[in-house]
Amino acid sequence: MGADTDVGSGSTRTGEFREEVSRPEGDRDLPLSERITRNPGPAATWAAVVAVLIAVEFGAIVSGLLSVPPWGWVGGLVPGVVEPVAALLATVAERGAELPTITSRSVIDNTGYQTPSGWEGTTLGLSPAVAWALRVAVIYTYSFTWLLVGWWGYTLYRRHYRIPDWTPRDDVVNRFRRHSWGLFGLTIVFAFVVMALFAPVLGPTTVDQNIENPYENRIDYYNDETGQVESIFVGEANGDTQSRGQGDNNVGPLEYDQYDRFHPFGTLPDGKDLFTFMASGARVSLLVGLTSLGIAGGFAMVFAMLTAYYKGLVDLGVVIAGDSIQAMPQLLFIILASFVLSDTWIAEVYNGGLVLAILFGITGWPALWRAVRGPALQVSEREWIDAAKSYGQRPRVTMQKHMLPYVVGYFLIYASLSLGGVIIGIAGLSFLGLGIEAPVPEWGRAVSAGQPYVATQSWHISLIPGILVVIIVTGFNALGDGVRDAIDPESDIGDGGNENVAAGGGA
């Protein structure tokens, strides 16, 4: 049932605990801003901590927020007023990336070379492996701090500012906190999202230096034969560090190459760093997956509200449209559509990433719609919906205020399952050479590149990306299971429902 609330005493009892709150009785009818104005202390303390977290990573945050859209492509597509604005935003993103932060390479530098007297060029003279591990630890510690601060903010809101009500949100949170399988999924998804967000600084090298423009960047190394520090193009160095499963041509996981570069996951057949490739590929997979989920979820939620509210011909029309889309082999349709759109301007965005996002979105919404249609129909039969109609409330307000909140939880369950399906679908297409094209990193292409070397000492090229794909998809499925059981502990969706949603996402 919902949270038990004692309005008269100003305290809230939820699940296993009873929490004293500091809300005056008259605050129940005030908007949130007014409640914060009357009791600013907790909110001000929380905001100060958030400001500190933003300040220490201000440059990276600005760069990350402004560098996601391909501004060069946007400016070229829409000239005139948009072009200078796009150029300005791209410049601001570049300048933001240059600002030092606690996670930047300039603060914890792992690039260097070993001389007879020790390591040179790295932070504090640490070995590249230790320096890289230290930067990774700082990145994940910083990200976990954000998670803790978010939870702290929720508890402050619950204790000081939330209006007492009978909604079951606290019970949902408590059940999820005790759901070990769901927490496992949350941990995996959290690690994956952090890898995607901090991809530019998480790898031992950069995408520009090691993958996109290796012959425009140089590195220094110590030549044992001459006893001097020399310089070489990254592309030339990569040619000497290829992992092809024969003789000495292999740089495996946690190994250094002959130029003193540390490779946590080893190198690819072309000598490029696999971890850098995987970190950047995580960002691409997450961005394409979220874009496709936004498209599919938007259609699914709108159609669920409309069909549940109006029923009749509206429901029949959406059923026919959804069944028609699901009747087509999804991957085959995506392959054919990608080929048709390959010569258009839209195929140039992220080397086909936007095309895949749109195609997965427009072919995946029927599965999501069917998943939330049932709960939406149940809510539409409630007494308060009939009361809202009898009082003449507009349909849009009724759907948004009285129906949508009760369907969102079920949408989150299936969205998590669908996102894992999209990720594995993109990886599968890239493995076949039909997905995101080079040089944009993508996990499936790494698996494909290492396929000839599975039984050799270069086994890591295919095995590591393959294992990560399985772990990430399992994590999203576990998170969806945890959210489902937290929202409705008596639910029994069954394996068939999970498989259908995953397949709808592209599995």
Side-chain angles (χ1 to χ4, degrees), residues 68 185 188-193 195-197 199 278 280-301 322 325-326 328-338 341 346-347 349-372 410-432 434-437 440-448 465-466 468-481 483 497-507:
V68 172
I188 297 299
V189 172
F190 172 77
F192 173 70
V193 172
M195 174 182 282
L197 293 177
M278 294 297 295
S280 183
R283 167 173 285 197
V284 174
S285 297
L286 182 63
L287 183 60
V288 174
L290 290 178
T291 303
S292 66
L293 186 61
I295 296 173
F299 281 113
M301 295 300 289
I325 293 176
Q326 288 189 306
M328 298 184 296
Q330 185 185 30
L331 291 182
L332 180 60
F333 172 79
I334 291 176
I335 292 172
L336 294 176
S338 299
L341 299 173
I346 196 172
V349 184
Y350 290 110
N351 288 37
L354 183 59
V355 169
L356 289 181
I358 294 175
L359 293 177
F360 273 109
I362 63 177
T363 58
W365 70 261
L368 282 176
W369 167 70
R370 287 189 174 278
V372 298
Y410 293 93
F411 170 75
L412 293 177
I413 296 170
Y414 290 99
S416 176
L417 300 173
S418 180
L419 185 57
V422 172
I423 291 175
I424 198 171
I426 296 171
L429 290 174
S430 297
F431 174 81
L432 297 174
L434 303 170
I436 299 174
E437 300 177 358
V440 177
E442 209 291 313
W443 291 9
R445 200 162 63 251
V447 177
S448 178
L468 287 181
V469 170
V470 173
I471 291 175
I472 296 304
V473 174
T474 302
F476 277 107
N477 290 340
L479 179 61
D481 290 342
V483 175
N498 292 353
E499 292 175 358
N500 291 336
V501 174

Discussion item. Rounded at 0.5 Å granularity, tell me how far CD1 in Ile325 sits from CD1 in Ile362.
Written reply: 7.0 Å
Worksheet item: Rounded to the nearest 0.5 Å, how far apart are CD1 of Ile436 and CG of Leu429?
Response: 9.5 Å
Discussion item. Any non-hydrogen side-chain atom of Leu356 less than 4.5 Å from a side-chain atom of Ser338?
Written reply: yes
Worksheet item: Can you name the nearest heavy-atom pair linking Arg370 to Gln326, along with the distance?
Response: NE-OE1, 3.4 Å
Discussion item. Check whether Ser292 reaches the backbone of Val288 with its side chain - one donor and one acceptor, N or O, closer than 3.5 Å.
Written reply: yes
Item to complete: Taking the side chain as every heavy atom from C-beta outward, state whether Glu442 and Ser285 have any pair of such atoms under 4.5 Å apart.
Response: yes
Worksheet item: Between atom CG of Leu286 and atom CD1 of Ile423, what is the distance when rounded to the nearest 0.5 Å?
Response: 6.5 Å
Worksheet entry | Side-chain touch Ile426/Phe360, heavy atoms, less than 4.5 angstrom | yes
Worksheet item: Once you round to the nearest 0.5 Å, how far does CD1 of Ile424 lie from CG of Leu419?
Response: 12.0 Å
Worksheet entry | Side chain to side chain, Ser418 and Leu368, heavy atoms closer than 4.5 Å | yes
Discussion item. Ignoring hydrogens, what is the shortest heavy-atom contact between Ser280 and Pro441? Give both atom names and the distance.
Written reply: OG-CG, 3.5 Å
Worksheet item: For the residue pair Pro465 and Ala446, what are the closest heavy atoms and their distance?
Response: CG-CB, 3.9 Å
Worksheet item: Looking only at heavy atoms, which two atoms of Gly480 and Ser416 are closest? And how far apart?
Response: N-OG, 3.5 Å
Worksheet item: Just wondering, more than 12 heavy atoms not from Phe299 lying within 6.0 Å of its CZ?
Response: no
Worksheet item: Which value, rounded to the nearest 0.5 Å, describes the distance between Leu341 atom CG and Ile334 atom CD1?
Response: 11.5 Å
Worksheet item: So, do Leu287 and Leu290 sit near enough that their side-chain heavy atoms are less than 4.5 Å apart?
Response: no
Practice prompt. Could you tell me the separation between the CG atom of Leu417 and the CG atom of Leu412, rounded to the nearest 0.5 Å?
Written response: 11.0 Å
Discussion item. I'd like to know if the side chain of Arg283 reaches the main chain of Met195, judged simply by a donor and an acceptor atom lying under 3.5 Å from each other, with no hydrogens or angles considered.
Written reply: no
Discussion item. Quick one, Ile295 and Trp365 - any side-chain contact, counting heavy atoms below 4.5 Å?
Written reply: no
Worksheet item: So Phe192 and Trp443, would you call those rings parallel, tilted or perpendicular, with 30° and 60° as cut-offs?
Response: perpendicular
Practice prompt. Determine the minimum heavy-atom distance between Ser448 and Phe431, stating which atoms define it.
Written response: OG-O, 3.3 Å
